[in-house]
Number of protein chains: 2
Amino acid sequence: MTEALPTPEDTVARLYAELRRMAAGFEFRPSERLNESRLALRLGASRTPLREALNRLVAEGFLDFRSGQGFFCRALSPEGIFHLYEARAAIECAALGTAIDQAEEAAIADLAAYLDRTEGAYIRSTDPVELLEMDESFHVRLCALAGNPEFDGILANINGRIRYVRSIDLKQMRASGAVGERLSAHRRVLQALVARDRAAATGALRAHIEKRRDQATEAVRLAFADIYAPKGELE
Amino acid sequence: MTEALPTPEDTVARLYAELRRMAAGFEFRPSERLNESRLALRLGASRTPLREALNRLVAEGFLDFRSGQGFFCRALSPEGIFHLYEARAAIECAALGTAIDQAEEAAIADLAAYLDRTEGAYIRSTDPVELLEMDESFHVRLCALAGNPEFDGILANINGRIRYVRSIDLKQMRASGAVGERLSAHRRVLQALVARDRAAATGALRAHIEKRRDQATEAVRLAFADIYAPKGELE
DNA sequence: GTGCAACGATCTGTATACAGAGAGCGGGAC
DNA sequence: GTCCCGCTCTCTGTATACAGATCGTTGCAC
């Protein structure tokens, strides 16, 4: 189920997709060093294509590289997450601004249909992954209305790098019964877009993302406290 | 990205820096296929580290990769350039907005000092490369005031990919004696920043970048006409 | 002259080998 | 018990070898 999309024979692409998924979900712990030989063995390839895939992930900010020491998982910090959400707000709001000027009515209608279609699942879903995909997908589709592949690429990169904390944020929202809040934020943005009301649309989108930014940053901050404070309860 | 210092001995970093420079300046022609063996020989390394560097540049959008066919220089099109400038405006304006809220007075003063310091060279310079570096540097410093490394990284990437057309644009401005216009645009942005006037600052910056966007896009469009109808009134 | 097909040279994709650097561990001094 | 030194073993960084795919070219049919 997870291994289908990259063409049957393309080792580097396969490794890249697999490693990106692992890195996005912090299956490597923050700042952990990666053992190339073990990883290559586990993924069924040699170190040569593995390192090519790893280099791509370094360029995309999923991994770090230190000469002579190899590849490391990226660090996880409240500041880093804050900056990623801030960049995300910048890109999404800019894309929305362009979309308000230029998106076709039909494309906007498609997005509205998507929101209607997923509304039920959004509220009732108990699957965190499904929830995450739906949230991400709404924002990706919104961004795509601008018709600028640069926006899409930057957003896809950021989405991968915040995926882990976003899923934590979503779990917390679900636990506190606040999923509807997110959904209504999406709907508010969409309505302003339909009305071609730039100030209302970008304002609503920015407020939504900044709220998620603060929640996600706080969640990481608390996790940090857990990691660095308690010598006591471990094991 | 403005890469980390290429330490004396780090083959991949050296190759990456060299290839990035070459790709940025379109020393490979648009859509040209790269011959790995020849390139490795020319750069004094083997294909293994070369391909690692090439993979990083693919991830950054400087090169394309097609499985089974190898690496290609990115295409050059008016639409592509338009999208890059549009993304640049989004990032720089967002960074400026953050800077207006949060930048220290001292940091803003540094930028003002930089502008004063380079003003003379800016107007008198006959070296296109120097002109390009100064223009780019002003915008990079402005962006850095936001204190968000994500903004800096995205801008560095875009700067590399528009470097070629930007230098053409600068040459044309110099030829038409319009360099002062650009300088005054920078100064207008700075003054609004000093006054912490968000609307004026982002408005001025956006207008400046969008003007450059249109000029650069048009320059590429004309070059396209030259390429695809090169024989004058033939046929 | 044009289109197609098969051949050959070239190039890519991956595995493997090996040298040198780095990290971890044990032992010794204090 | 703690710190430091040196050793060893592992891992990284790069070169090279080789299999399979690709592209250009030549020759043939029409």
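Proteins come first, then strands; the chains are lettered A, B, ... in the order of their sequence lines, and each starts at number 1.
- Remark: A:R51 is in phosphate contact with D:dG13, judged by side-chain N or O atoms under 4.0 Å from OP1 or OP2.
- At the heavy-atom level, A:L39 lies nowhere under 4.0 Å from the strands shown.
- Using a 4.5 Å heavy-atom cutoff, the side chains of B:L43 and B:L19 are in contact.
- Between the side chains of A:R166 and A:N159, at least one donor N or O lies within less than 3.5 Å of an accepting N or O.
- Between B:S46 and the phosphate of D:dA15, there is a side-chain N or O to OP1/OP2 separation shorter than 4.0 Å.
- Figure legend: A:R117 and A:Y122 shown without cation-pi pairing, the cationic atom not lying both under 6.0 angstrom from the six-membered ring centre and within 45 degrees of its axis.
- If you take CG of B:L34 and P of C:dG13, they are 12 Å apart, rounded to a whole angstrom.
- Of the side-chain N and O atoms in A:T11, one or more sit less than 4.0 angstrom from OP1 or OP2 of C:dT14.
- Taking atom CG of B:L41 as the reference point, atom C1' of C:dT12 lies 17 Å away to the nearest angstrom.
- Per the geometry, CG belonging to A:D10 stands 12 Å off C1' belonging to C:dT14, to the nearest Å.
- Geometrically, B:R66 engages B:F72 in a cation-pi contact, judged by NZ or CZ lying under 6.0 Å from the ring centre and within 45° of the ring axis.
- Salt bridge A:R212/A:D135: absent, no basic N to carboxylate O contact under 4.0 Å.
- Residues A:E133 and A:R163 are paired through a salt bridge, judged by an N-O separation under 4.0 Å between the basic side chain and the carboxylate.
- Between A:T48 and C:dA15 there is no side-chain N or O to OP1 or OP2 distance below 4.0 Å.
- Distance A:F72 CZ to D:dT12 P: 9 Å, rounded to the nearest Å.
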Dump the pairs, protein N or O against N or O of nucleotides 6-9 of chain C, anything under 3.5 Å, distances to one decimal.
none

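- Going from atom CD of B:E52 over to atom C1' of D:dT14 covers 9 Å, rounded to whole Å.
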All N/O contacts under 3.5 Å from nucleotides 18-23 of chain D to the protein, with atom names and distances to one decimal?
from	atom 1	to	atom 2	distance (Å)
D:dC23	OP1	B:Q69	OE1	3.3

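- When only modelled atom types and interatomic distance are considered, A:S137 and A:R141 share a side-chain donor-acceptor pair under 3.5 Å.
- Atom-to-atom, CG of B:L15 to C1' of D:dT14 comes out at 11 Å; the value is rounded to the nearest Å.
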>> Evaluate B:R206 against B:E92 for side chain to side chain contact (heavy atoms under 4.5 Å, CB included), listing each step before the verdict.
In response: CA-CA 8 Å; B:R206 180 171 299 279; B:E92 288 200 33; over 6 Å; no
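- Using a 4.0 Å cut-off between a side-chain N of Lys or Arg and a carboxylate O of Asp or Glu, B:E60 and B:R161 do not qualify as a salt bridge.
- Spacing between atom CZ of B:F65 and atom P of C:dT12 amounts to 10 Å, rounded to whole angstrom units.
- Atom CZ of B:R38 and atom P of C:dT10 are 11 Å apart (whole Å).
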